[in-house]
There are 2 protein chains.
Amino acid sequence: MLEAAIGKMRGGGYKATPQRTAVLRALAEEQHQSLEEIRARCPGVGLVTVYRTLDLLGELGIVRRLDLGDGARYEMAEDHHHHAICESCGDISEFEKCPLDPTLLPLEASDFEVRSHSLEVYGRCAACR
Amino acid sequence: MLEAAIGKMRGGGYKATPQRTAVLRALAEEQHQSLEEIRARCPGVGLVTVYRTLDLLGELGIVRRLDLGDGARYEMAEDHHHHAICESCGDISEFEKCPLDPTLLPLEASDFEVRSHSLEVYGRCAACR
DNA sequence: TCTGTAATTGAAAGAATTTTTCAATTAGCG
DNA sequence: CGCTAATTGAAAAATTCTTTCAATTACAGA
């Protein structure tokens, strides 16, 4: 999985530096991390490099940036999924099954070409009820 | 509409100051404004007061904060709607018809109590195609 | 394997955004 | 109309992200 990402970098003409792979490894350890959480997992890498690597991985489609109300978070893009955010404890969980009904999308009719979408569900998780 | 919001403020024990109503009026003029756009519409109101008013209106459910990738934006909560964001020109349009199929939501089964959701659709608008 | 070079790194400075502090002002109750 | 707790805003601080630039390094080609 990391190999695939590293290949994508090299394929794009970018160097696979130790710093970049360290950030990648950090991202692979847990989803939805804040910048400081990522930084804590790759202590040797400078702040600026982390930012730049996240940008690069974002452009390559390897990483996605989230903004769920409490600042920026980052996750490996991997498979299509959505987020369920508990308003009580802040826990973020993922679900794969996409509840979007494409036939209900009125946008194509209005000449808007849909490329992607993101869906966030807010509520209370099992533990908090 | 502004009256309703002002009533909600007073009902919550908050004062309806000229600054707060000025921010409300600014918000009513256009959806998805950045902080500076809002500020430009109520020049007499101090920066801190704008931030605090947006917080307050958010707590009261009158205003919603968005984060669509280019920093914070604010909109009157009003009716349930979603956003279509053009990746080319950045234009944000709204659509009311919710394409969520509730029967596909697998969350209730996992004891997650859904309270609300937000859906953003990314792509290219008619003008940019 | 070695070398040259363009890409990359990171410290420091800067910019942008949001929050805190606190003294002065004011909305609205009685 | 006066009192008081809530509100305001200027200044300073905190936080978050970006730019700059000299030093370092990955890796393509010899």
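Predicted model only: the values in this text are computed from it and were never measured. A note on names: the letters A, B, ... follow the listed sequences, proteins ahead of strands, and every chain is numbered from 1.
The CD1 atom of Ile62(B) lies 11.0 Å from the CD atom of Glu78(B); values are rounded to the nearest 0.5 Å. Going from atom OG1 of Thr21(A) over to atom CE of Met9(A) covers 7.0 Å, rounded to the nearest 0.5 Å.
Residue Leu54(A) contributes atom CG, which lies 10 Å from atom P of dC17(D) at whole-angstrom precision. Between the CD1 atom of Ile6(B) and the C1' atom of dT7(D) there is a distance of 16 Å, rounded to whole Å. For Leu47(B) and dA10(D), the CG to C1' distance is 10 Å, given to the nearest whole Å. Atom CG of Asp55(B) and atom P of dT8(D) are 12 Å apart (whole Å). As rounded to whole Å, 12 Å separates atom C1' of dA10(D) from atom CZ of Arg39(B).
Applying the ring pair (Phe, Tyr, Trp, His ring centres under 6.0 Å) test to every pair with at least one member in residues 30-62 of chain A, sequence neighbours left out, gives these pairs: His32(A)-His83(A).
In terms of phosphate contacts, Arg20(A) brings a side-chain nitrogen or oxygen within less than 4.0 Å of OP1 or OP2 of dT8(C). Between Arg65(A) and dC17(D) there is a side-chain polar atom (N or O) within less than 4.0 angstrom of OP1 or OP2.
If Tyr51(B) and Gly46(A) are placed on DNA chain C by their nearest nucleotide, the residue sitting closer to the 5' end is Gly46(A).
Annotation for Tyr122(B): atom OH counts as buried by contact number, over 12 foreign heavy atoms lying within 6.0 Å.
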Reading 5' to 3' through nucleotides 25-30 of chain D, protein heavy-atom contacts under 4.0 Å coded B for base, S for sugar-phosphate only, - for none: -BS---

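Of all the heavy atoms in Val50(B) and Arg39(B), the pair that sits closest is CG2-CD, 4.0 Å.
A side-chain donor from one of Glu94(A) and His81(A) sits under 3.5 Å from a side-chain acceptor of the other.
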